Amino acid sequence: MADSDLVHVVDDDVDVRKSLGFLLATADFPVRLYESATAFLAAASGHLDGCIVTDVRMPGIDGIELLRQLRTGGHKIPVIVMTGHADVALAVQAMKEGASDFIEKPFDDEMLILAIRSALANRNEANAAHPQSADIRERLSTLSDREHQVLDGLVSGLPNKTIAYDLGISPRTVEIHRANVMSKMAASSLSHLVRMALIVESRS
């Protein structure tokens with residue numbers, strides 16, 4: 001693969017860096033590893049090629065601040081953010097800051113590879129009118145009022161228990177509504193669902 005397919009891995013955990021480096025090299029991606037966002041920014045000069053895979057929680061400059069600094073510097077390189085299961089709110093914030101995707105840990109190796117390939121393939125379309133907007137709006141129109149409320153909670157980064165408390169229903173009922181929303185929206189993951197909701201929100 002060309003240098004334009006270079007994957008920059010930014011993570012303060014040495015074991016994660018090594019395992020991701022091995023995984024991506026096995027998938028034939030050229031890889032560079034950085035122990036912090038500060039180290040990455042120090043090495044990043046001029047035009048940045050490829051894409052970035054970064055943890056959202058890091059000492060010093062975290063994944064969200066890294067996104068902000070990249071955008072402030074005019075860099076449009078796609079960024080995939082890795083989050084812990086309890087970090088949905090941070091993941092949503094990352095999407096709003098311009099992340100191309102987020103992946104919840106622990107994740108399937110193939111899911112990360114697919115996310116990277118998708119980010120690289122679509123990197124030049126970030127500012128174009130999104131072709132799926134009409135389809136997404138049509139799917140949204142099939143949701144019930146309660147499903148819309150649950151979706152709003154998910155896009156705000158709220159956990160199921162908080163959504164349940166706010167709506168005066170049980171967490172189990174929220175899980176059922178959430179499953180229905182995922183099905184009606186044809187969302188393959190929470191990140192896919194959030195991304196679709198944000199696509200429509202950014203163009204409304």
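Computed from a prediction, not measured in an experiment: that's the story for all the values here. We're numbering straight along the sequence, starting at 1. What's counted below: heavy atoms across the whole structure, side chains too, no hydrogens, waters or symmetry copies.
- Partners of Ser19 by side chain to side chain donor-acceptor pair (under 3.5 Å), not counting sequence neighbours: none found.
- Remark: Leu140 CG to Leu151 CG distance equals 6.5 Å, nearest 0.5 Å.
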Check against side-chain contact (heavy atoms from CB on, under 4.5 Å), Val56 and Asp62: CA-CA 6 Å; Val56 74; Asp62 63 14; 5.9 Å; no

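- In this structure, the separation between CD1 on Ile163 and OG1 on Thr173 is 12.5 Å, given to the nearest 0.5 Å.
- In this structure, the side chains of Phe102 and Gln93 stay at 4.5 Å or more apart for every pair of heavy atoms.
- Listed by first and then second residue, the salt bridge (charged side-chain N to carboxylate O under 4.0 Å, His left out) pairs that reach into residues 181-194 are Glu147-Lys184, sequence neighbours excluded.
- By the salt bridge (Lys or Arg N to Asp or Glu O under 4.0 Å) test, Asp55 is found to be paired with Lys105, residues two or more places apart in sequence or in another chain being considered.
- Atom CD1 in Ile116 sits 5.0 Å away from atom SG in Cys51 (nearest 0.5 Å).
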For residues 106-115, which side-chain donor-acceptor pairs fall under 3.5 Å, sequence neighbours excluded?
residue : atom : partner : partner atom : Å
Asp108  : OD2  : Glu110  : N            : 3.1
Asp108  : OD2  : Met111  : N            : 3.3

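- Leu143 contributes atom CG, which lies 8.0 Å from atom OG of Ser141 (distance to the nearest 0.5 angstrom).
- Among residues two or more places apart in sequence or in another chain, the side-chain contact (heavy atoms from CB on, under 4.5 Å) test is passed with Gln69 by Leu41, Ile61, Glu65.
- Asp101 pairs by the side chain to side chain donor-acceptor pair (under 3.5 Å) definition with Ser191, Arg195, not counting sequence neighbours.
- Rounding to the nearest 0.5 angstrom, the gap separating the CG atom in Leu158 from the CG atom in Leu154 is 8.0 Å.
- Not a single side chain to side chain donor-acceptor pair (under 3.5 Å) links Thr142 to another residue, sequence neighbours left out.
- Listed by first then second residue, pairs satisfying side chain to side chain donor-acceptor pair (under 3.5 Å) with a partner in residues 34-44 read His8-Tyr34, not counting sequence neighbours.
- Between Val9 and Phe40 the shortest side-chain heavy-atom distance does not fall below 4.5 Å.
- Scanning all heavy atoms of the two residues, the minimum distance from Ser100 to Pro78 falls at OG-CB, 3.9 Å.
- For residues 153-167, the side chain to side chain donor-acceptor pair (under 3.5 Å) pairs, not counting sequence neighbours, are Asn160-Arg178.
- Thr54 pairs by the side-chain contact (heavy atoms from CB on, under 4.5 Å) definition with Val10, Ile52, Met58, Leu66, Val79, Val81, not counting sequence neighbours.
- We find the NE2-OG distance between His177 and Ser144 to be 6.0 Å, quoted to the nearest 0.5 Å.
- Contacts of Arg71 classified as side chain to side chain donor-acceptor pair (under 3.5 Å), with partners at least two apart in sequence or in another chain: none.
- In terms of the side-chain contact (heavy atoms from CB on, under 4.5 Å) criterion, residue partners of Lys18 (sequence neighbours excluded) are, by chain and number, Val14.
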